[in-house]
There are 2 protein chains.
Amino acid sequence: MTTGEQGVPPLDPSELGAYFVLTEAVSLLQYQVEQQLRAEGGISYVQFQLLARLAHLDGPLTMTELADGVVYSRSGLTYQAGLLEKAGLVTRGPSPEDDRVTLVAVTADGRALVERVLPGHVQVIRRLLFDPLTDDDLHHVADIMTRVRDHMRTQPPRSAAPRRSRNSPSA
Amino acid sequence: MTTGEQGVPPLDPSELGAYFVLTEAVSLLQYQVEQQLRAEGGISYVQFQLLARLAHLDGPLTMTELADGVVYSRSGLTYQAGLLEKAGLVTRGPSPEDDRVTLVAVTADGRALVERVLPGHVQVIRRLLFDPLTDDDLHHVADIMTRVRDHMRTQPPRSAAPRRSRNSPSA
DNA sequence: TCCATGTGCTTCGAAGTTGAAGCACATGGA
DNA sequence: TCCATGTGCTTCAACTTCGAAGCACATGGA
């Protein structure tokens, strides 16, 4: 009626509210996290994510895997990987399997940095995110957001999206 | 700089996991939202947030209020407000109360743009965020994140970060 | 083998974001 | 009134981020 579109559901204020408060809370949290990481480790949140992921998985990742893992553009990752390599926190090397691939691995210094920064990082998260929540809340959030994440991950990943004719029926 | 050595609670993998999946899901969601807004309205997510906030509150806001509302730096808001003003979507004017203040108000064009992109915006959120969730989940998320947001809002807001006093170096 | 096409990564230019510094006005006490 | 200090906003330079284009290698069919 109001628009030509068919089947656009009416706006539900409680839904919009849930979405807004979700993004607002995460923004606030990430800002505080960024401050802590910068102060205690001299790194950005993205850099911490990259190092933590490499340290946690304990094996080299390709640039694409790393970019998709942290929801980041490929060119942006090239830039950040360059910074981290220059700082001696990661190494980049060729893959024996595929000459196109660059494998990124965390160095001992990189691991040490993650270890050094992680306690403060956890403290910030605990203070800002977990303190006002019960254990039940926590499990709810984890469960719910895992479903949302998995649901969205069925869409083509961010950094690989724009290339044509993968499963596009219009080409 | 804090030492952070004593009294740091042990790491709880389920807590860290909840935090990681929360930020990852929000990152994925925001990326998709950004694409929709760019495609249908030619605006960024930040610009949409600013316009939506002004349209919703239905009254002018100061630059600082607007920046705090969307968790954004003040200088960044100066830049974005300039873009929006040039595009005719907002106006900036003086405050009768305080000559230092710039009041930002949404124009009719700005309102129209919000109205135009909102249905698609809601569709994206519904498809990515709400589809895999029950009504119960939704209320849980809204309730939980509201508590988290309110908890964090008791901290000093982002853009009003303590300004270093001219004569007193931080101890 | 050769070539067409797909994939992994980097380079490049443009645009966005930030904190610090700076300007202008506000406020309150001497 | 005068001035010290606080607050609101903008400017500035440095950095970050992105997508498009480009290069190199991979893969599979003719």
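In this text, all values refer to a predicted model and were calculated from it rather than measured experimentally. Just so we're on the same page: letters track the sequence lines, and every chain starts at 1. In what follows, every heavy atom counts, from backbone to side chain, and hydrogens, waters and symmetry copies are set aside.
As a whole-Å value, the separation of A:Arg100 CZ from D:dC25 C1' is 6 Å. The interatomic distance linking B:Gln49 (CD) with C:dT17 (P) rounds to 11 Å, in whole Å. Rounded to an integer number of Å, the gap from A:Met63 CE to D:dC25 P is 17 Å. Distance, A:Leu83 CG to C:dT11 C1': 15 Å, rounded to whole Å. Distance CG (A:Leu66) to C1' (C:dC9): 13 Å, rounded to an integer number of Å. Taking atom CG of residue A:Leu103 and atom C1' of nucleotide C:dG8, one finds them 11 Å apart after rounding to whole Å. Rounded to whole angstrom, the span from the CD atom of B:Glu34 across to the C1' atom of C:dT17 amounts to 13 Å. C:dG16 atom C1' lies 13 Å from atom NZ of B:Lys86, rounded to whole Å.
Judged by distance alone, the side chain of A:Thr107 and the main-chain N or O of A:Gly88 form a donor-acceptor pair under 3.5 Å. Remark: the backbone N or O of B:Arg127 is paired with a side-chain donor or acceptor of A:His151 at under 3.5 angstrom.
Contact annotation: B:Tyr31 reaches the phosphate of D:dG19 (side-chain N/O to OP1 or OP2, under 4.0 Å). Side-chain N/O atoms of A:Gln80 include one lying less than 4.0 angstrom from OP1 or OP2 on D:dT17. Taking only side-chain nitrogens and oxygens, A:Arg74 never comes nearer than 4.0 Å to OP1 or OP2 of C:dT11. Note on A:Tyr79: every side-chain N or O is 4.0 Å or more away from OP1 and OP2 of C:dT10.
Counting only N and O atoms by type, the side chains of A:Thr134 and A:Asp137 include a donor and acceptor under 3.5 Å apart.
Taking the side chain of A:Ser75 as heavy atoms from C-beta on, and the options C:dT18, D:dA20, D:dA26, the nearest nucleotide is D:dA20. The side chain of A:Val101 lies closest to C:dC9 when the candidates are C:dC9, D:dC9, D:dC18. Nearest to the side-chain atoms of B:Val46 among the listed nucleotides C:dT10, C:dT17, D:dT7 stands C:dT17.
Note that the CG atom of B:Leu54 and the CG atom of B:Leu89 stand 10.5 Å from one another [nearest 0.5 Å].
Sequence order on DNA chain D of the closest nucleotides to B:Ala81 and A:Ser44 puts B:Ala81 first from the 5' end. Both B:Arg38 and A:Gln35 lie close to DNA chain C; mapped to their nearest nucleotides by heavy-atom distance, the more 5′-ward contact belongs to B:Arg38.
Judged as a salt bridge (charged side-chain N to carboxylate O under 4.0 Å, His left out), and not counting sequence neighbours, the contacts of A:Glu85 are A:Arg92.
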> salt bridge (charged side-chain N to carboxylate O under 4.0 Å, His left out) between A:Asp58 and A:Arg111: does it pass, once the steps are laid out?
Replying inline: CA-CA 10 Å; A:Asp58 203 31; A:Arg111 270 179 209 284; 2.8 Å; yes
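Nucleic acid contact for A:Thr102: sugar-phosphate only, since backbone atoms but no base atoms lie under 4.0 Å from a heavy atom of the residue.
Note: B:His56 and A:Phe20 fail the aromatic proximity criterion, with ring centroids not under 6.0 Å apart.
Evaluation of atom-type donor-acceptor distances gives no pair under 3.5 Å for the side chain of B:Thr64 against the base of D:dG8. For C:dG19, its base never sits under 3.5 Å from the side chain of B:Ser73 at any donor and acceptor pair.
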> Just the dot-bracket of DNA chain C, please: which string comes out with Watson-Crick or G-U pairs under 3.5 Å, [ ] for crossing, | for another strand?
Replying inline: ||||||||||||||||||||||||||||||
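Between B:His140 and A:His140, the two ring planes are parallel [angle under 30°; tilted spans 30° to 60°].
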